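Report on one structure; see the data block that follows.
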Amino acid sequence: SIPTKNYYNRLYLQSVLELITLLHKNKCYDKIIEVCEKAFLIEPWEEELHLKFIEALLEKGKTRQALAHYNYITAALYNELGIKPSAALQKIYNLIKKGWQSAPLDPKSIQKNLAKNYAGTGSYYCDPELFQEVLKLEQLRNERTGQQSSLALLSLTAKEFNNISSHTQLEAMNKIQSILLKNLRKGDVFTRWNDFQFLVILSNTNLNQSHVPLQRISRNFKKDRPTSNIALQESVQSILPLQLPV
């Protein structure tokens with residue numbers, strides 16, 4: 001019954017938050033991030049979980065990732081539930097801005113900070129705004145070197161897409177993000193463009209070569225997708241050089 005389901009949901013959420021509190025006392029921020037990512041699959045709209053997740057990212061010095069998640073969850077809450085950022089979310093945003101302002105300015109410290117925040121997966125995940133800047137740099141580099149790169153669009157599809165629950169859609173997108181982190185190469189960059197699409201820059205990869213990693217990603221998603229009703233559609237094109245005015 002619905003009351004029983006709600007009871008166990010509240011019990012689960014309470015247990016997760018208590019665990020996060022214990023982990024925070026022991027400064028286990030990586031574990032908090034892991035716990036929150038799993039909890040999002042069950043409670044995708046619980047603001048307290050997202051606050052704890054962002055706080056843990058900030059503790060790890062992952063300011064850019066914290067900002068990307070803040071932008072994602074505030075947009076998702078507004079689009080799905082019509083909820084504007086709460087006072088708590090606005091406060092965490094101020095902490096994110098403070099993190100940017102206190103960032104090291106000398107090149108050596110910046111490189112050390114980037115190395116500390118590197119996840120070690122090879123590929124790089126960023127927010128859509130930064131992705132567009134990276135894409136421009138890739139176009140400029142292609143113009144200078146004559147190399148070929150590819151831009152891939154990965155989209156969730158379904159026969160009756162409107163009937164897919166927000167929870168199922170979020171779970172599928174999280175799975176795709178995890179697959180991309182594990183299967184792309186060093187130098188590849190990707191972003192969650194919207195609620196059902198990812199964009200991927202495949203550096204030094206022409207159209208023929210791009211099908212190999214994309215097929216591998218598609219196979220892994222098909223094997224691990226949350227429901228057989230959802231599929232992953234791929235489209236890819238060459239990244240054209242950015243012709244600057246002379």
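Just so it is clear, the structure is predicted and the values come from calculations on it, not from any experiment. Any value given below was found using the heavy atoms of this structure, including those in side chains, with hydrogens, waters and symmetry copies removed.
- Nearest heavy atoms, C36 versus L49: SG-O, 3.7 Å.
- For the pair V189/V200, no side-chain contact is recorded, criterion being any heavy-atom separation below 4.5 Å from C-beta on.
- Between the side chains of T205 and R185, a donor-acceptor pair is found at a separation under 3.5 Å.
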Review point. Do D127 and N71 pass the side-chain hydrogen bond (donor to acceptor under 3.5 Å, both in side chains) test, and can you show the C-alpha distance, the side-chain angles, and the key distance before you say yes or no?
Key: CA-CA 8 Å; D127 59 78; N71 290 333; 5.6 Å; no
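- A distance of 12.0 Å separates CD1 of I32 from NZ of K27, quoted to the nearest 0.5 Å.
- Screening L154, N174, I176 against R192 for a side-chain contact (heavy atoms from CB on, under 4.5 Å) leaves a single residue, N174.
- Defined by atom type and a distance below 3.5 Å, a donor-acceptor pair is missing between the side-chain atoms of Q148 and S238.
- Of the possible donor and acceptor atoms, none in the side chain of S218 sits under 3.5 Å from a partner among the backbone N and O of Q215.
- Between E48 and L17, the shortest heavy-atom distance links the atoms CG-CD2, 3.6 Å.
- Distance alone, capped at 3.5 Å, is enough to place a donor-acceptor pair between the Q90 side chain and the P85 backbone.
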Point to revise | Check against side-chain contact (heavy atoms from CB on, under 4.5 Å), F53 and E37 | key: CA-CA 8 Å; F53 182 69; E37 287 174 335; 3.7 Å; yes
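- No side-chain heavy atom of R10 sits less than 4.5 Å from a side-chain heavy atom of Q14.
- N220 and N183 get closest at one heavy-atom pair: ND2-OD1, 3.1 Å.
- For the atom pair CD of E46 and CG of N9, the computed distance is 10.0 Å after rounding to the nearest 0.5 Å.
- Between the side chain of H50 and the backbone N or O of P44, at least one donor-acceptor pair lies under 3.5 Å.
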Practice item. Decide yes or no on side-chain contact (heavy atoms from CB on, under 4.5 Å) for W45 and L77, but give the supporting numbers first. Key: CA-CA 7 Å; W45 310 121; L77 286 172; 4.1 Å; yes
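- Of the possible donor and acceptor atoms, none in the side chain of N26 sits under 3.5 Å from a partner among the backbone N and O of C28.
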Practice item. Before giving the answer on side-chain contact (heavy atoms from CB on, under 4.5 Å), spell out for Q197 and L156 the whole-Å C-alpha distance, their side-chain angles and the decisive distance to 0.1 Å. Key: CA-CA 6 Å; Q197 291 179 311; L156 282 182; over 6 Å; no
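- L202 has its side chain out of reach of I239: every pair of non-hydrogen atoms, C-beta onward, lies at least 4.5 Å apart.
- Under the 4.5 Å side-chain heavy-atom criterion for grouping Ile, Leu, Val, Met, Phe, Trp and Tyr, L23 is connected to L13 within one hydrophobic cluster.
- Each of L22 and V16 belongs to its own hydrophobic cluster when Ile, Leu, Val, Met, Phe, Trp and Tyr are linked at side-chain heavy-atom distances under 4.5 angstrom.
- Side-chain contact between I201 and F190 is absent, with no heavy atoms from C-beta onward closer than 4.5 Å.
- In terms of hydrophobic clustering, with Ile, Leu, Val, Met, Phe, Trp and Tyr side chains grouped at heavy-atom distances under 4.5 Å, Y7 and Y12 are assigned to different clusters.
- Considering every non-hydrogen atom in both S203 and S149, the closest pair reads CA-OG, 3.6 Å.
- Here the straight-line distance linking atom CZ of F198 with atom CD1 of I217 works out to 10.5 Å at 0.5 Å rounding.
- A donor-acceptor pair under 3.5 Å links the side-chain atoms of Q209 to the main chain of N206, judged by distance alone.
- With values rounded to the nearest 0.5 angstrom, H69 atom NE2 is found 10.5 Å from I33 atom CD1.
- Linking Ile, Leu, Val, Met, Phe, Trp and Tyr residues whenever their side-chain heavy atoms come within less than 4.5 Å places L170 and I83 in a single cluster.
- Transitive grouping of hydrophobic side chains (ILVMFWY, heavy atoms separated by less than 4.5 Å) keeps I42 and L51 in distinct clusters.
- For the residue pair E47/S86, the side-chain donor-acceptor check at 3.5 Å is satisfied.
- Taking the side chain as every heavy atom from C-beta outward, E171 and F40 never approach each other to under 4.5 Å.
- The side-chain heavy atoms of Q132 and W193, taken from C-beta on, include a pair separated by under 4.5 Å.
- Donor-acceptor pairing under 3.5 Å is lacking for the side chains of S155 and Q233.
- For the pair F221 and I230, the minimum side-chain heavy-atom distance is below 4.5 Å.
- The minimum heavy-atom distance between A152 and L214, with the atom names listed, is CB-CD2, 3.8 Å.
- Rounding to the nearest 0.5 Å places CG of L58 at 10.5 Å from CD of Q65.
- Nearest heavy atom pair, residue I96 against residue A66, reads CD1-O, 3.8 Å.
- Proximity of M173 to D195: side-chain heavy atoms (C-beta onward) are nowhere separated by under 4.5 Å.
- With values rounded to the nearest 0.5 angstrom, L181 atom CG is found 11.5 Å from D188 atom CG.
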Practice item. Decide side-chain contact (heavy atoms from CB on, under 4.5 Å) for L57 and T63; before the verdict, give the C-alpha distance in whole Å, the side-chain angles of both, and the deciding distance to 0.1 Å. Key: CA-CA 7 Å; L57 290 174; T63 310; over 6 Å; no
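- Under a 3.5 Å cut-off, the side chain of R64 and the backbone N or O of C126 do not form any donor-acceptor pair.
- Within 6.0 Å of OH on Y93 lie no more than 12 heavy atoms contributed by other residues, nucleotides or ligands.
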